[in-house]
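Naming: A, B, ... by sequence-line order, numbering from 1 per chain.
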Amino acid sequence: MAEKITPRAEDYSKWYLDIVKEAQLADHSDVRGCMVIKPNGFALWEKMQRALDGLFKATGHVNAYFPLFIPMSYLAKEEEMAEGFAKECAVVTHHRLKAEKGRGLYVDPEAKLEEPLVVRPTSETIIWKTYKNWIQSYRDLPILVNQWCNVVRWEMRTRLFLRTAEFLWQEGHTAHATREEAEREAHMILMDCYRRFAEEWMAMPVLTGPKSEGQKFPGAIYTLCIEALMQDGKALQAGTSHFLGQNFAKAFDVQFLNDKQQLEYAWATSWGVSTRLIGGLIMTHSDDNGLVCPPRLAPTHVVICPLGKNEEERRAAQAAAEQLAAALRSLPRDEFFGYEPINVKVDTMYDKQPGYRFAEYELRGVPVRVEIGPKDLEKQACVIGRRDRPGKEGKQVGIPLSSAPALIRDLLVEIQQSLFQRAREYRDRMTRAVDTWEQFKQEIEHGGFLMAHWDGTRETEDRIQEETGATIRCIPFDQPEEAGQCVLTGRPSTKRVAFARAY
RNA sequence: CGGGGUGUAGCUCAGCCUGGCUAGAGCGCGUGGUUUGGGACCACGAAGUCGCAGGUUCGAAUCCUGUCACCCCGACCA
């Protein structure tokens, strides 16, 4: 079975690419480092967008849109950011081509732009340049804006979803009158939007907390992150929320008059998650049979496969399937499914064998599959299989058609919970405390998060990375304070931090 | 940008070293038939200017020169 997918144990990154391909999520495009997101993959992204957008709106944010192109001089205004992104920017230098017979198309040298335009790698600069015009008084604050868009970062090595030259994301950019309010915002986004989304929708447990100085975003005072652990023991940065202080307000001279009639620079945050989350979702739940998709984000919740050896049997089975589909679609809408109807597909690939059809929907990650054949119809019943327990083993037979809709609905909720629980158990099992350098070097080879004391210096972090490939992923909020000694230098430390090798 | 590799049918590749007559296989695709409760089989069929441009030769997928693209490994990253 499942010859199309390279087993995880054999080659994890090949397995990952097989899943992306076989679940029809995305393809490599002809453009280096860029992907074509196929309808299945995009449907997943749309579900993510909808859930996240709901969380942003519920916390007072609104959507807007800023230009794709950023004048190079804007990017230059904030030094750390300029330095951080300089090496990976796509640049527009001309505004016209020429078409000539015999010579074809070429760039018109006459059409050189006075100032090069950078394709946004992130939008802080152009947005803060704009905010200068929006902000004069404390009464104009806060500004709580988000945008859904694409960005380009000219990466050397790319992998579908995890790192592509162009990717889709959302970027929130907020402006506040006080430091406290901005910091509250950065924390709130991380905990109430990103953490909740990761855990409650993606069923992906995450560590939450600041990045170390060495890992923070260029231009930020500090960066908060959600950090997940993939099945191969490598960590994935799944989302970040930055407290930017007054760096961008100062770079773009955004001052406002506070209620004491004093001029003050505005306080900023920015935060984003991207299509990388799709990569994280795949590597958190999927197995050697294909994609496993948590029900809350599944483009299709239920597939019903009517079975029959001839026209007659098929007609009867398909009628029953359509009826069940209609019953599922008309179940009362609830919060779990985003107040949308359950999405049901009736499969009619009769030219393929049943086994092929079952395997196909396992590849695609449909959480629940229903089989209705002549044997079931005799008893007005059906067979229900759950994707998180693939193959024949997870099937329940003889479920009466009349009670199937409610049962399937509950099953979807249960699958969601069970995926989260399984992922959390794995993550917890792969998270362990280490106290000596020998232990550290040995344990890092087995992947997972190593909770170790660190002396807080950049030098130590760099040395650990050089020697082991591991970086500080997160300084978890919920890690208790305790006296200890740095795992490398033996210098005093008050808290363990999470080390891992990462994507 | 350094090191390695590959461009032949929609996909994966063989053929190239040692030039030769209609350029092959598997998968996929189409048609017909037998099948059908965990990835079926048979028959027939469609499909390639052999990455591109030169050169050598009676003759080039094959040899030579140039060029482009992509992949893998390193330095950078959501």
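Within 3.5 Å, no donor on the side chain of Q353(A) pairs with an acceptor on the base of G38(B), nor the reverse.
Taking the C1' atom of each, C76(B) and G38(B) are spaced 46 Å apart, rounded to whole Å. Separation of the P atoms belonging to G3(B) and G66(B) is 16 Å when rounded to the nearest angstrom.
In RNA chain B, runs of at least 3 stacked Watson-Crick or G-U pairs (N1-N3 plus N6-O4 or O6-N4, or N1-O2 plus O6-N3, all under 3.5 Å) give these stems: B:1-7 with B:68-74, B:10-13 with B:24-27, B:29-34 with B:40-45, B:51-55 with B:63-67.
Note on T164(A): a base of the nucleic acid sits closer than 4.0 angstrom, heavy atoms only. Among the heavy atoms of the strands, none lies under 4.0 Å from V273(A). No contact: G272(A) has no heavy atom under 4.0 Å from any strand. Within the 4.0 angstrom heavy-atom criterion, base atoms lie near L162(A). At the heavy-atom level, I226(A) lies nowhere under 4.0 Å from the strands shown. Contacts of K395(A) with the nucleic acid, taken as non-hydrogen atoms under 4.0 Å apart, include base atoms.
In this view, Y503(A) satisfies the ring-ring contact (aromatic ring centres under 6.0 Å, His included) rule with no residue, not counting sequence neighbours. Residues that satisfy the ring-ring contact (aromatic ring centres under 6.0 Å, His included) test with H285(A), not counting sequence neighbours, are absent from this structure. Partners of W267(A) under the ring-ring contact (aromatic ring centres under 6.0 Å, His included) rule, at least two apart in sequence or in another chain, do not exist in this structure. Residues forming a side-chain contact (heavy atoms from CB on, under 4.5 Å) with P354(A) (at least two apart in sequence, or on another chain): L307(A), F358(A).
Residue Q24(A) contributes atom CD, which lies 15 Å from atom P of G28(B) at whole-angstrom precision. In this structure, the CD atom of Q237(A) is 5 Å from the P atom of A78(B), given to the nearest Å. Separating the CD1 atom of I384(A) from the C1' atom of G37(B) is a distance of 15 Å, rounded to the nearest angstrom. In this structure, CD of E393(A) is placed 12 Å from P of G38(B), rounded to the nearest angstrom. The distance between atom CG of D351(A) and atom C1' of G39(B), rounded to the nearest whole Å, is 13 Å. Here the P atom of nucleotide U35(B) and the CZ atom of R357(A) are 18 Å apart, to the nearest Å. We find that CE of M349(A) is positioned 11 Å from P of C29(B), with the value rounded to whole Å. Atom CD in E166(A) sits about 14 Å away from atom C1' in A78(B), given to the nearest Å.
For the pair E360(A) and N310(A), both in contact range of RNA chain B, the more 5′-proximal nearest nucleotide belongs to N310(A).
The side chain of R369(A) lies closest to G38(B), out of G38(B), G37(B), C29(B). For F167(A), taking side-chain heavy atoms from C-beta onward, the closest of the listed nucleotides A78(B), G39(B), G38(B) is A78(B). The listed nucleotides are A78(B), U35(B), G39(B); the one nearest the side chain of R314(A) is U35(B). When the nucleotides G38(B), G39(B), G37(B) are ranked by their closest atom to the side chain of L307(A), G37(B) comes out on top. Nearest nucleotide to the side chain of A359(A), out of A78(B), U36(B), G39(B): G39(B). Set against G39(B), C29(B), A40(B), the side chain of Y356(A) has G39(B) as its closest nucleotide.
Between the Q24(A) side chain and the P39(A) main chain, no donor and acceptor come within less than 3.5 Å of each other. A donor-acceptor contact shorter than 3.5 Å links the side chain of E80(A) to the backbone of G219(A).
Dashed line: the shortest gap from a side-chain N or O of K375(A) to OP1 or OP2 of G37(B) is not under 4.0 Å.
For the residue pair D53(A)/W148(A), the side-chain donor-acceptor check at 3.5 Å is satisfied. Judged by distance alone, the side chains of E171(A) and H173(A) do bring a donor and an acceptor atom under 3.5 Å apart. Remark: the E166(A) side chain and the T164(A) side chain contain no N/O donor-acceptor pair separated by less than 3.5 Å. Side-chain contact annotation: T471(A) with Q465(A), donor-acceptor N/O pair under 3.5 Å absent.
Both cation-pi conditions hold for R364(A) and Y361(A): the charged atom is under 6.0 angstrom from the six-membered ring centre and inside a 45 degree cone around its axis.
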Close N/O contacts between protein and nucleotides 71-76 of chain B (under 3.5 Å):
{"unit_1": "C73(B)", "atom_1": "OP1", "unit_2": "R157(A)", "atom_2": "NH2", "d": "3.3"}
{"unit_1": "C73(B)", "atom_1": "OP2", "unit_2": "R157(A)", "atom_2": "NE", "d": "3.4"}
{"unit_1": "C73(B)", "atom_1": "OP2", "unit_2": "R157(A)", "atom_2": "NH1", "d": "2.9"}
{"unit_1": "C73(B)", "atom_1": "OP2", "unit_2": "R157(A)", "atom_2": "NH2", "d": "2.1"}

